[in-house]
Colleague: 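Please find one structure pasted underneath; my questions will follow.
Just so you know, these numbers use all the heavy atoms, side chains as well, and skip hydrogens, waters and symmetry mates. Atoms within a ligand are numbered from 1 in the order they appear, just like the ligands themselves.
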Amino acid sequence: MSKEVHTKKYDYLIVGAGIFGSIFAYEAKKRGKKSLVIDKRNHIAGNMYTESIEGINVHKYGAHIFHTNSKNVWDYINQFAEFNRYTNAPVAIYKNELYNLPFNMNTFNKMWGVTTPEQAKSKIEQERKNSKIEKPSNLEEQAISLVGKDIYEKLIKGYTEKQWGRDAKDLPSFIINRLPVRFTYDNNYFNDKYQGIPIGGYTQIIEKMLLDIEVELNVNYFSNREHYDNIAEKIVFTGMIDEYYEYEYGILDYRSLKFEHEKLSVSNYQGNAVVNYTEREIPYTRIIEHKHFEYGDQENTVITKEYPASWSKGDEPYYPINNDKNNELYRKYKELADQEKAVIFGGRLAEYKYYDMHQVIAAALTKVNKEFEE
Ligand code: FAD
């Protein structure tokens with residue numbers, strides 16, 4: 001039997017220096033494998049990227065709060081950074097009225113003056129009955145049937161319409177199958193056991209993962225595909241799966257975002273890391289004040305306004321639109337991907353999934369196990 005001869009320079013070409021690609025590179029290196037990581041952006045860390053501005057770690061692609069229920073995932077990420085005790089407790093502003101999120105006793109107290117869970121429950125029940133909606137046929141009816149008109153009009157309608165760029169009446173009801181409602185005075189946005197922000201930002205995590213691994217930035221795999229296909233035994237691809245297959249079945253849709261970062265000469269602009277603006281007339285959905293993620297006491301501050309945007313080919317893809325049409329399209333691409341022997345697809349773009357960081361970590365470790373342990 002002839003022994004397999006490896007003649008290529010690298011074991012793995014990893015397309016994308018986000019968390020998926022970086023975990024794969026790190027784990028491969030631990031097992032003696034050599035990788036080249038490429039990214040078309042001018043920095044590593046993908047959407048988790050943070051950059052120090054005025055001594056503040058700015059989340060350049062929107063607020064990133066780490067949360068997970070998995071002890072494995074939590075222990076894994078804690079190898080690379082120390083996390084603080086940050087708990088996400090966003091507030092919503094609607095025409096100068098301020099409400100706590102997620103919907104909880106603080107929100108209900110402000111909205112209706114109720115003080116006990118009993119009172120809040122009966123108020124919501126009464127609102128539901130008043131709505132007289134039995135079979136919701138769009139997002140507006142669905143939301144009203146779940147939480148009533150007051151919360152819908154002040155806190156859901158404008159925000160959702162901005163996010164999707166359409167009237168709530170024209171959006172399908174399944175987008176909000178349920179709305180989390182909490183009958184305690186607890187403003188913690190997440191229910192997970194573990195939560196925090198890495199002290200010093202996220203980029204250091206990826207720097208540590210990619211230590212002593214070759215990285216090329218500002219390189220698009222597709223501009224030199226033939227070359228890259230021939231330098232490694234296998235490819236780990238974390239870009240867009242439809243692009244990988246040259247859109248042969250069609251284009252997968254996304255929603256995009258625009259971020260407007262501003263330095264301000266005040267020490268505390270809004271008193272909270274995340275403030276949602278729920279009126280439709282205000283074009284952004286939220287303002288992030290980054291220093292509050294790490295309890296910063298810098299002299300100045302940096303804020304980011306987040307504007308939802310439509311997406312067309314060439315724009316930054318942020319949120320997959322997992323409707324039937326796109327899911328079916330993705331299924332066809334996945335069928336092709338499943339047949340590949342030397343390409344591993346992973347991460348939010350290659351799997352066309354809205355993935356939080358902890359989910360990407362779990363998915364990457366599963367792929368690592370499959371590759372090296374089976
Ligand atoms: P990415 O980080 O997108 O990395 C993929 C990389 O591949 C990119 O750097 C890209 O430039 C590169 N690439 C793509 N195509 C090519 C190519 N052809 N050639 C070369 N390079 C290429 N998660 C949370 O857990 N908590 C949060 O609070 C949270 N908030 C979020 C807020 C926003 C606004 C967004 C957009 C996401 C948020 N997430 C959050 C999700 C989180 O960003 C992702 O789960 C994670 O970053 C995905 O990692 P990834 O490696 O799959 O993809």
Colleague: Please list all pairs meeting ring pair (Phe, Tyr, Trp, His ring centres under 6.0 Å) that have one or both residues in residues 101-121, counting only residues at least two apart or in different chains.
Modeller: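 Only Phe108-Trp112, Phe108-Phe183 qualify under ring pair (Phe, Tyr, Trp, His ring centres under 6.0 Å).
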Colleague: Any side-chain hydrogen bond (donor to acceptor under 3.5 Å, both in side chains) pairs touching residues 162-174, not counting sequence neighbours?
Modeller: Asp167-Arg280
Colleague: Can you tell me if Ser35 uses its side chain to pair, donor with acceptor, with the backbone of Ala25 under 3.5 Å?
Modeller: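 No.
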Colleague: May I ask you to say whether Lys291 pairs ionically with Glu54, meaning some side-chain N is under 4.0 Å from a carboxylate O?
Modeller: no
Colleague: Between ligand 1 and the protein, tabulate every N or O atom pair separated by less than 3.5 Å, reporting distance only.
Modeller:
from: ligand 1; atom 1: 2 (O); to: Asn47; atom 2: N; distance (Å): 2.9
from: ligand 1; atom 1: 3 (O); to: Arg348; atom 2: NE; distance (Å): 2.7
from: ligand 1; atom 1: 3 (O); to: Arg348; atom 2: NH2; distance (Å): 3.1
from: ligand 1; atom 1: 9 (O); to: Asp39; atom 2: OD1; distance (Å): 3.2
from: ligand 1; atom 1: 9 (O); to: Asp39; atom 2: OD2; distance (Å): 2.7
from: ligand 1; atom 1: 11 (O); to: Asp39; atom 2: OD1; distance (Å): 2.7
from: ligand 1; atom 1: 11 (O); to: Arg41; atom 2: NE; distance (Å): 3.4
from: ligand 1; atom 1: 18 (N); to: Asn220; atom 2: OD1; distance (Å): 2.9
from: ligand 1; atom 1: 19 (N); to: Tyr221; atom 2: N; distance (Å): 3.1
from: ligand 1; atom 1: 21 (N); to: Lys40; atom 2: N; distance (Å): 3.1
from: ligand 1; atom 1: 23 (N); to: Asp356; atom 2: OD1; distance (Å): 3.0
from: ligand 1; atom 1: 23 (N); to: Met357; atom 2: N; distance (Å): 3.3
from: ligand 1; atom 1: 25 (O); to: Met357; atom 2: N; distance (Å): 2.7
from: ligand 1; atom 1: 26 (N); to: Ile65; atom 2: O; distance (Å): 2.8
from: ligand 1; atom 1: 28 (O); to: Ala63; atom 2: O; distance (Å): 3.4
from: ligand 1; atom 1: 28 (O); to: Ile65; atom 2: N; distance (Å): 2.8
from: ligand 1; atom 1: 30 (N); to: Ala63; atom 2: O; distance (Å): 2.9
from: ligand 1; atom 1: 39 (N); to: His64; atom 2: NE2; distance (Å): 3.4
from: ligand 1; atom 1: 39 (N); to: Tyr354; atom 2: OH; distance (Å): 3.4
from: ligand 1; atom 1: 43 (O); to: His64; atom 2: NE2; distance (Å): 2.6
from: ligand 1; atom 1: 45 (O); to: Tyr355; atom 2: O; distance (Å): 2.6
from: ligand 1; atom 1: 45 (O); to: Met357; atom 2: N; distance (Å): 3.4
from: ligand 1; atom 1: 51 (O); to: Ile19; atom 2: N; distance (Å): 3.2
from: ligand 1; atom 1: 51 (O); to: Phe20; atom 2: N; distance (Å): 3.0
from: ligand 1; atom 1: 52 (O); to: Arg348; atom 2: N; distance (Å): 2.9

Colleague: Decide, yes or no, whether a salt bridge links Glu335 with Arg331 under the criterion of side-chain N to carboxylate O below 4.0 Å.
Modeller: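 Salt bridge: yes.
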Colleague: Under the 4.5 Å side-chain heavy-atom rule for ILVMFWY, direct or indirect, which residues accompany Tyr319?
Modeller: Tyr49, Tyr61, Leu257, Phe259, Tyr318, Tyr354
